[in-house]
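Residue numbers count from 1 along this sequence.
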Amino acid sequence: MEDARIRVWDPLVRVFHWSLALSILFAWISAEGGGRWHEWIGYAALALVALRLAWGFVGSRYARFAAFLRGPAATMAYARSVLAHRDRRYLGHNPLGGWMIIALLVMVTLTGFTGWLYTTDAYWGEEWVEEVHEACADTLFVLIGLHVAGVVQTSWRHGENLVAAMWHGRKRRAGVDDVI
């Protein structure tokens with residue numbers, strides 16, 4: 001049924017997604033006593049975010065921020081439709097998923113920035129910087145949990161394995177009621 005599928009997620013988006021997920025996992029694993037490994041993993045995560053930001057402006061159709069970021073009214077209307085179990089299927093990211101991407105990118109950036117700040121001469125050993133870094137990391141993990149829950153809920157609701165789609169890049173072609 002290959003003809004019933006369309007490529008939505010380009011290779012860069014997919015490699016970015018899984019690389020960032022792994023870098024966050026490895027940063028978490030190396031948080032206690034990881035030293036240089038933890039730092040370099042954080043720098044890798046920041047580099048990945050920079051790449052994704054650029055790709056969000058010049059990348060393929062469904063990778064572009066303009067393709068999936070909706071205004072507050074449209075996003076709230078979509079959230080209400082999810083709660084009412086009347087949400088439409090999106091070929092790309094739905095409005096809540098689009099804003100989750102932004103929230104995750106911001107939190108990875110803040111976590112990485114505060115981690116880097118902690119290594120500078122001016123802020124080395126500053127307890128408040130370490131506390132902000134840890135709060136950012138904790139917030140990031142809450143957002144990751146919400147992201148996974150959203151993926152599971154949307155996959156179930158629309159009968160589509162979004163994890164697999166993020167692996168191979170293909171989704172079911174848009175139907176009459178779907179949003180392209």
Side-chain angles (χ1 to χ4, degrees), residues 7-60 62-65 67-69 75 90 92-156 160-171:
R7 182 163 307 273
V8 175
W9 311 124
D10 65 59
L12 192 141
V13 167
R14 296 185 332 250
V15 170
F16 159 79
H17 178 271
W18 296 112
S19 297
L20 187 62
L22 287 173
S23 70
I24 292 167
L25 174 65
F26 292 149
W28 177 70
I29 290 170
S30 66
E32 294 298 322
R36 281 289 198 210
W37 280 105
H38 184 73
E39 286 180 40
W40 285 106
I41 293 166
Y43 295 142
L46 287 173
L48 286 166
V49 168
L51 177 64
R52 182 59 181 98
L53 289 175
W55 200 242
F57 293 102
V58 300
S60 63
Y62 295 104
R64 293 182 185 213
F65 298 130
F68 61 80
L69 289 180
T75 304
Y90 279 71
H93 288 97
N94 65 51
L96 290 175
W99 284 107
M100 179 56 79
I101 290 169
I102 299 304
L104 288 166
L105 292 175
V106 166
M107 285 315 303
V108 169
T109 301
L110 289 174
T111 305
F113 175 74
T114 56
W116 166 79
L117 201 60
Y118 196 67
T119 67
T120 65
D121 289 340
Y123 295 100
W124 175 256
E126 289 288 337
E127 188 174 330
W128 72 268
V129 176
E130 184 177 9
E131 289 173 3
V132 170
H133 180 67
E134 289 174 3
C136 288
D138 292 344
T139 303
L140 177 60
F141 282 108
V142 169
L143 290 175
I144 291 168
L146 291 171
H147 171 63
V148 170
V151 167
V152 169
Q153 186 276 336
T154 303
S155 293
W156 173 78
E160 185 165 50
N161 186 338
L162 294 178
V163 174
M166 190 52 77
W167 186 255
H168 53 63
R170 295 178 307 276
K171 291 180 78 176

Contact summary for [X] and [Y], nearest pair of heavy atoms:
X: Leu46; Y: Val108; answer: CD2-O, 4.0 Å
X: Trp9; Y: Tyr62; answer: CZ3-O, 3.7 Å
X: Asn161; Y: Ala164; answer: OD1-N, 2.9 Å
X: Ser19; Y: Val15; answer: OG-O, 2.7 Å
X: Cys136; Y: Leu110; answer: SG-CB, 3.9 Å

Under 4.5 Å between any side-chain heavy atoms of [X] and [Y], yes or no?
X: Val8; Y: Arg170; result: no
X: Phe65; Y: Ile102; result: yes
X: Phe141; Y: Trp28; result: yes
X: Phe113; Y: Leu117; result: yes

Does the plane of the ring in [X] sit parallel, tilted or perpendicular to the ring in [Y]? Use 30° and 60° as the thresholds.
X: Trp40; Y: Tyr43; answer: perpendicular
X: Trp124; Y: Tyr118; answer: tilted
X: His147; Y: His17; answer: tilted

Can you list the steps and then say if His93 with Trp99 is a ring pair (Phe, Tyr, Trp, His ring centres under 6.0 Å)?
CA-CA 9 Å; His93 288 97; Trp99 284 107; over 10 Å; no

Look only at the side chain of Thr114 and the backbone of Thr111, and say whether a donor-acceptor pair between them is shorter than 3.5 Å.
yes

Say whether, by atom type as modelled, one donor and one acceptor occur between the side chain of Arg14 and the main chain of Ala165 under 3.5 angstrom.
no

By side chain to side chain donor-acceptor pair (under 3.5 Å), which residues pair with Ser23, not counting sequence neighbours?
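Here no residue qualifies.
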
Non-neighbouring partners of Ser155 that pass side chain to side chain donor-acceptor pair (under 3.5 Å), sequence neighbours left out:
none

Which value, rounded to the nearest 0.5 Å, describes the distance between [X] atom [atom1] and [Y] atom [atom2]?
X: Asp10; Y: Trp55; atom1: CG; atom2: CH2; answer: 5.5 Å
X: Ile41; Y: Ile24; atom1: CD1; atom2: CD1; answer: 11.5 Å
X: Met107; Y: Asp138; atom1: CE; atom2: CG; answer: 9.0 Å
X: Ser30; Y: Glu39; atom1: OG; atom2: CD; answer: 10.0 Å
X: Leu51; Y: Leu12; atom1: CG; atom2: CG; answer: 5.0 Å
X: His133; Y: Glu126; atom1: NE2; atom2: CD; answer: 15.5 Å

Any chance CH2 of Trp18 has more than 12 other-residue heavy atoms, nucleotides or ligands included, within less than 6.0 Å?
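Result for CH2/Trp18: enclosed.
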
For Glu160, which residues count as a salt bridge (Lys or Arg N to Asp or Glu O under 4.0 Å) partner, sequence neighbours excluded?
Arg89, Lys171

